[in-house]
Amino acid sequence: MYSEEKKQHFSKNLLEWYQIHKRDLPWRRSRNPYYIWISEVMLQQTRVDTVIPYFHRFVEQFPTVEALATAPEEHVLKAWEGLGYYSRARNLQSAVREVHERYEGVVPPNKEEISALKGVGPYTSGAILSIAYNKPEPAVDGNVMRVLSRYFLIEEDIMKPSTRTIMEKLAKELILEGTASDFNQALMELGAMVCTPRSPHCLTCPVMAQCSAREAGMEEALPIKKKAKPPRPELRAVAFIEGTGEHAGKWLIRQRPQEGLLARMWELPHVEWSSNEWHSDGENQDLLREALANQEQIGIQPGDWFMDTEHIFSHIVWKMKVYRAKLGDLQRPPTGDEWIPFHYRWVGPENLQDYAFPNVFVRIMKEWQGRNEA
DNA sequence: AACGCGGGGGT
DNA sequence: ACCCCAGCGTT
């Protein structure tokens with residue numbers, strides 16, 4: 001396969017480089033497996049600089065396995081608000097509850113048990129076992145695949161599971177006796193700081209001397225990765241419903257269903273647009289009113305257009321038009337407040353801290369506050 | 001193996 | 001306007 005000399009050059013020089021250049025990150029100040037675990041889950045698909053403030057707040061609010069296991073899920077979702085991929089938070093708490101109940105709060109130090117936990121896949125199990133317990137397990141993420149595909153000039157599509165298997169075997173072979181924790185962190189650190197996706201900083205790279213991609217002038221072309229499909233657009237009309245009378249100064253929000261996209265998070269009432277294009281504001285508002293009446297039994301009196309905005313997922317783009325509105329005649333029952341299903345609430349700016357919203361709705365509400373202060 | 005799942009930063 | 005992500009679960 002690859003020569004021992006080439007592999008040892010990589011491991012040895014990478015470790016030396018890491019001792020000098022490693023960043024002082026909050027989760028590197030402890031070997032607490034619970035803290036390492038939280039950081040690794042937050043870091044899935046998310047950059048270090050984004051994670052740091054969330055990590056600080058999270059471990060302060062949930063300092064132990066027991067604290068997170070016994071917390072209400074809504075508090076956990078609120079602490080995760082803005083990080084995205086909210087199933088990570090729900091799975092993390094579910095898994096921490098299992099650790100609390102089945103393992104007396106000790107994160108299991110072996111592959112079988114830790115991999116059985118919700119939200120802990122091959123990457124996260126390897127990361128926790130190596131970083132917290134110094135076990136010689138590979139932790140292969142996108143960063144590691146990029147570094148290895150370049151140094152060893154591997155031209156397989158990194159989106160293929162078979163390529164990941166190859167990388168895991170290779171990454172494990174590269175771990176020198178007793179160095180798993182530092183080595184895996186060093187590998188990711190190199191990918192983040194030096195062997196970057198575009199315009200890698202080869203001149204400062206500790207393993208440039210034997211990098212096959214560099215030698216072949218291929219460092220910019222690797223790794224090979226099949227392009228993802230573009231996200232599908234969805235038009236959505238949002239009703240920013242302002243309360244009157246006893247609800248003056250509040251807005252109507254609702255909780256999303258238990259399962260599926262953005263499960264159990266809160267949002268402004270909105271409807272998916274049945275057509276592929278918007279009409280005039282007047283027509284849009286009529287259609288929005290009808291849709292809310294039919295789907296939710298909410299009757300509104302349309303107000304003014306408020307703003308346009310987008311919410312981008314990896315697979316969908318919500319293209320949203322926001323209209324102000326007030327509650328009008330209700331469909332059924334005709335009067336009273338009891339018609340509001342349990343998952344609707346009136347909230348004002350002062351209660352927003354009690355509910356977790358996807359960022360797009362936070363932006364809309366902040367825009368409203370900004371305009372009303374001015 | 002393919003798809004669903006957020007959000008922000010870099011160039 | 002693209003590109004990139006410190007992945008995992010479901011089907």
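Since the structure is predicted, the reported quantities are computational estimates derived from the model, not experimental observations. Below, read A as the first sequence line, B as the second, and so on, with proteins coming before strands; counting in each chain starts at 1.
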**Student:** Across the strands shown, which category fits A:Leu262 at heavy-atom distances under 4.0 angstrom: base, sugar-phosphate, nothing?
**Tutor:**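 Here A:Leu262 touches the backbone only, sparing every base.
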**Student:** Distance between the P atoms of B:dG6 and C:dT11, in whole angstroms?
**Tutor:**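 Per the computed distance, 16 Å lies between those P atoms.
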**Student:** NA contact type, A:Gly82, heavy-atom cut-off 4.0 Å: base, sugar-phosphate, or nothing?
**Tutor:** sugar-phosphate
**Student:** For C:dG7, does OP1 or OP2 lie under 4.0 Å from any side-chain N or O of A:Lys118?
**Tutor:**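 So the side chain of A:Lys118 is outside the cut-off, no N or O lying under 4.0 Å from OP1 or OP2 of C:dG7.
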**Student:** Measure from the side chain of A:Arg23, starting at C-beta and using heavy atoms only, and say which of B:dG9, B:dG10, C:dA6 lies closest.
**Tutor:**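 Closest nucleotide to the A:Arg23 side chain: C:dA6.
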**Student:** Below 3.5 Å, does any donor atom in the side chain of A:Tyr85 face an acceptor in the base of B:dG6, or the other way round?
**Tutor:**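 Yes, a donor-acceptor pair under 3.5 Å.
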**Student:** In whole angstrom, what separates A:Arg150's CZ from C:dC4's P?
**Tutor:** 11 Å
**Student:** Which residue, A:Glu40 or A:Val120, contacts DNA chain C at a nucleotide closer to its 5' end, judged by nearest heavy atom?
**Tutor:**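 Going by which nucleotide is closer to the 5' end, it is A:Glu40.
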**Student:** When the distance from NZ of A:Lys160 to C1' of B:dA2 is rounded to whole Å, what number comes out?
**Tutor:**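 Atom-to-atom, A:Lys160 to B:dA2, this comes out as 15 Å.
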**Student:** Are any of A:Arg47's side-chain N or O atoms less than 4.0 Å away from OP1 or OP2 of B:dG10?
**Tutor:** no
**Student:** Using a cut-off of less than 4.0 Å, is there contact between a side-chain N or O of A:Thr124 and OP1 or OP2 of C:dC8?
**Tutor:** yes
**Student:** Specify the separation, in whole Å, of atom CD of A:Glu259 and atom P of C:dT11.
**Tutor:** 10 Å
**Student:** Nearest to the A:Phe313 side chain among C:dA6, B:dA1, B:dG6, which nucleotide is it?
**Tutor:**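 Selected nucleotide: B:dG6.
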**Student:** It should be established whether A:Gln44 places a side-chain nitrogen or oxygen under 4.0 Å from OP1 or OP2 of nucleotide C:dA6.
**Tutor:**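 For A:Gln44, the contact criterion (side-chain N or O under 4.0 Å from OP1 or OP2 of C:dA6) is not met.
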**Student:** I want to confirm an ordering. Mapping A:Ser199 and A:Ser87 to their closest nucleotides on DNA chain B, which one lands closer to the 5' end?
**Tutor:**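 That would be A:Ser87.
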**Student:** Heavy atoms under 4.0 Å, any strand shown: does A:Arg146 hit a base, just sugar-phosphate, or nothing?
**Tutor:** sugar-phosphate
**Student:** Of the nucleotides C:dC3, C:dA6, B:dG9, which one has an atom closest to the side chain of A:Thr50?
**Tutor:** B:dG9
**Student:** Classify the nucleic acid contact of A:Arg256 as base, sugar-phosphate or nothing, counting any heavy atom under 4.0 Å across all strands shown.
**Tutor:**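 Nothing, no heavy atom under 4.0 Å.
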**Student:** With heavy-atom distances below 4.5 Å as the criterion, would you say the side chains of A:Ile36 and A:Val107 are in contact?
**Tutor:** no
**Student:** Below 4.0 angstrom, N of the basic side chain to O of the carboxylate: do A:Glu81 and A:Lys78 qualify?
**Tutor:**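 Counted as a salt bridge, because a side-chain N and a carboxylate O are separated by less than 4.0 Å.
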**Student:** Are any of A:Asn359's side-chain N or O atoms less than 4.0 Å away from OP1 or OP2 of B:dG6?
**Tutor:**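 So the side-chain polar atoms of A:Asn359 never come under 4.0 Å of the phosphate oxygens OP1 or OP2 of B:dG6.
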**Student:** Can you see if the side chain of A:Lys225 gets near the phosphate of C:dC3 - specifically, an N or O under 4.0 Å from OP1 or OP2?
**Tutor:**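 Answer no for this pair, as no side-chain N or O of A:Lys225 is under 4.0 Å from OP1 or OP2.
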**Student:** Give A:Leu25 one of three labels, base, sugar-phosphate or nothing, depending on what nucleic acid heavy atoms sit under 4.0 Å from its own.
**Tutor:** base
**Student:** I want to verify a distance call: between B:dC5, B:dA1, C:dA6, whose nearest atom is closest to the A:Asp141 side chain?
**Tutor:**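 Looking only at heavy atoms from C-beta outward on A:Asp141, the closest nucleotide is C:dA6.
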**Student:** Nearest heavy atom decides the nucleotide; on that basis, is A:Pro223 or A:Gly119 closer to the 5' end of DNA chain C?
**Tutor:**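 On the 5' side of the pair lies A:Pro223.
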**Student:** Before accepting this row, confirm whether a basic side-chain N of the pair A:Arg236/A:Glu267 lies closer than 4.0 Å to the acidic partner's carboxylate O.
**Tutor:**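 Salt bridge flag = no for A:Glu267 with A:Arg236.
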**Student:** Starting at atom CD1 of A:Ile114, determine the distance to atom P of C:dC8, rounded to an integer number of angstrom.
**Tutor:** 11 Å
**Student:** Can you tell me how far C1' in B:dC5 sits from the matching atom in C:dC5, rounded to whole Å?
**Tutor:**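 These two C1' atoms come out 14 Å apart once rounded.
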**Student:** Using the P atom as the reference point in each nucleotide, state the distance between C:dG9 and B:dG8 in Å, no decimals.
**Tutor:** 24 Å
**Student:** Decide side chain to side chain donor-acceptor pair (under 3.5 Å) for A:Tyr344 and A:Glu296; before the verdict, give the C-alpha distance in whole Å, the side-chain angles of both, and the deciding distance to 0.1 Å.
**Tutor:** CA-CA 10 Å; A:Tyr344 276 85; A:Glu296 306 281 323; 2.5 Å; yes
**Student:** Are any of the side-chain nitrogens in A:Arg214 or A:Glu219 under 4.0 Å away from the carboxylate oxygens of its partner?
**Tutor:** yes
**Student:** OP1 or OP2 of C:dG9 versus the side-chain N and O atoms of A:Arg88: is any pair under 4.0 Å?
**Tutor:** no
**Student:** In this structure, how many angstroms lie between the P atom of C:dA6 and the CG atom of A:Asn143, rounded?
**Tutor:**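 The answer, rounded to whole Å, is 4 Å.
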**Student:** Using modelled atom types only, decide if a donor and an acceptor are shared between the side chain of A:Arg324 and the backbone of A:Glu242 within a distance under 3.5 Å.
**Tutor:**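 Checking the backbone N and O of A:Glu242 against the side chain of A:Arg324, no donor-acceptor pair under 3.5 Å is found.
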**Student:** Check for me whether the distance between the ring centres of A:Tyr85 and A:Trp80 falls short of 6.0 Å.
**Tutor:** no
**Student:** Would you please confirm or rule out a distance under 4.0 Å between OP1 or OP2 of B:dC3 and any side-chain N or O of A:His315?
**Tutor:**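 Negative; the distance criterion is not met.
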**Student:** Which is more 5' along DNA chain B, the nucleotide nearest A:Ser162 or the one nearest A:Arg232? Just name the residue.
**Tutor:** A:Ser162
**Student:** Using whole Å, what does the distance between atom P of nucleotide B:dG9 and atom CG of A:Leu43 come to?
**Tutor:**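 In whole Å, B:dG9 P lies 14 Å from A:Leu43 CG.
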**Student:** Tell me the interatomic distance from A:Trp37, atom CH2, to C:dA6, atom P, rounded to whole angstroms.
**Tutor:** 22 Å
**Student:** Could you tell me whether the side chain of A:Thr163 and the main chain of A:Met159 form a donor-acceptor pair under 3.5 Å?
**Tutor:**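 No, because the side chain of A:Thr163 does not come within donor-acceptor range (under 3.5 Å) of the backbone of A:Met159.
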**Student:** Return the pairing partner of B:dG6 with a 3.5 Å limit on both distances, Watson-Crick or G-U wobble; otherwise return none.
**Tutor:**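 Partner of B:dG6: none.
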**Student:** A:Arg164 has an atom CZ; how far is it from atom P of C:dC5, in whole Å?
**Tutor:** 13 Å
